[in-house]
Amino acid sequence: MLASLLSVARDVGYPVLFALVAIETMGIPVPGETAIFTAGILASRDELQIELVIAVAAAGAIIGDNIGFAIGRRYGRRLLLVPGPLERHRRRVIEVGEPFFDRHGPKAVFLGRWITGLRITSAWLAGVNRMSWPTFLFWNALGGFFWATAVALVAYYLGRGAERVFNAAGLGGAGVVVVGGLLLWLIVRRRERAGDGRRRVE
């Protein structure tokens, strides 16, 4: 599977790496992280330059997230509040999201980069919930740089052995994402209940 990706990636190079990472972080589920991983392997074979792989991937991540943030800030709230199916649940995103981003916005933006589901949604959720753009920009840029660097260097130093690791860890990686998402949901629910309890006491 990864062999075919390597062949395609070698031919299209940096522009497609940038596009895939930017599109993923804008909120569209495309294989941006896989593209960085693939590019890192190619760099280990001297078919791409690792410094450019990191720079292009980080730029794509930062720019894509800022576009997603702008879209969420401009249109997201309107879409969530429009009357129709699941309106109560959509409004809940704002009711829960605003206090969450007020308290934990920087952590959510930085750490969300490392979790597949949050990597796709954290930018526009930050925009929808009116996180300060300068704060978002700083933590987004920091997260984007460290994420791109870590993924690219792991692939680079694993080199040819990375293909075996990738194929073996595919199912396990999916399991980690599911478990991580469940844990995040449980943490948010626990904080909600604690907040409701404090309000009743008051």
Side-chain angles (χ1 to χ4, degrees), residues 9 14 16-41 43 50-73 76 93 96-98 100-158 162 165-166 169-170 172-188 191:
Y14 305 111
V16 170
L17 171 63
F18 176 88
L20 286 173
V21 173
I23 291 169
E24 182 189 44
T25 54
M26 282 171 57
I28 301 171
V30 299
E33 188 172 58
T34 302
I36 302 175
F37 198 81
T38 305
I41 295 172
I50 189 61
E51 297 86 358
L52 283 177
V53 167
I54 292 170
V56 169
I62 295 165
I63 292 170
D65 259 351
N66 276 274
I67 293 172
F69 178 88
I71 292 171
R73 196 175 185 90
V93 172
V96 174
E98 282 190 337
F100 177 83
F101 272 90
D102 283 343
R103 294 193 301 268
H104 307 293
K107 287 182 286 187
V109 171
F110 181 84
L111 297 175
R113 179 74 67 184
W114 308 85
I115 303 171
T116 300
L118 285 178
R119 185 164 58 250
I120 296 171
T121 59
S122 62
W124 64 264
L125 281 174
V128 166
N129 290 291
R130 307 292 174 89
M131 185 177 180
S132 163
W133 180 72
T135 302
F136 172 82
L137 179 62
F138 175 80
W139 290 103
N140 165 251
L142 196 66
F145 173 76
F146 279 107
W147 171 70
T149 301
V151 174
L153 289 181
V154 165
Y156 180 79
Y157 286 114
L158 285 173
V165 172
F166 181 86
V176 169
V177 170
V178 171
V179 171
L182 179 60
L183 287 173
L184 180 65
W185 181 80
L186 289 172
I187 290 168
V188 171
R191 290 177 184 275

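All heavy atoms count here, side chains included; hydrogens, waters and symmetry mates do not. Numbering of residues begins at 1 and proceeds along the displayed sequence.
Using a 4.5 Å heavy-atom cutoff, the side chains of I115 and L111 are not in contact. Within the 4.5 Å cutoff, side-chain heavy atoms of F136 are placed close to those of D65.
Nearest approach of I120 to I28, heavy atoms of both residues: CG2-N, 4.1 Å. Between T25 and A61, the closest heavy-atom pair is OG1-O, 3.4 Å.
The ring pair (Phe, Tyr, Trp, His ring centres under 6.0 Å) test applied to Y156 returns no partner, not counting sequence neighbours. Listed by chain and number, the residues in a side chain to side chain contact (heavy atoms under 4.5 Å, CB included) with S132 are P134, T135 (sequence neighbours excluded). Looking at residues two or more places apart in sequence or on another chain, you find a side chain to side chain donor-acceptor pair (under 3.5 Å) between W133 and N66. In this structure M26 satisfies the side chain to side chain contact (heavy atoms under 4.5 Å, CB included) test together with I67, sequence neighbours excluded. Listed by chain and number, the residues in a side chain to side chain contact (heavy atoms under 4.5 Å, CB included) with A152 are I36, I50, V53, I54 (sequence neighbours excluded).
Taking CG of L137 as the start and CZ of F69 as the end, the distance is 9.5 Å to the nearest 0.5 Å.
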L125 vs M131, test: side chain to side chain contact (heavy atoms under 4.5 Å, CB included). Steps then yes/no.
CA-CA 9 Å; L125 281 174; M131 185 177 180; over 6 Å; no
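Within the structure, the salt bridge (Lys or Arg N to Asp or Glu O under 4.0 Å) test picks out the following pairs touching residues 16-25 (sequence neighbours left out): E24-R119.
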Side-chain polar contacts of residues 141-151 - donor-acceptor pairs under 3.5 angstrom, sequence neighbours left out - could you list them?
| from | atom 1 | to | atom 2 | distance (Å) |
| --- | --- | --- | --- | --- |
| W147 | NE1 | E33 | OE2 | 3.0 |
| T149 | OG1 | F145 | O | 2.7 |

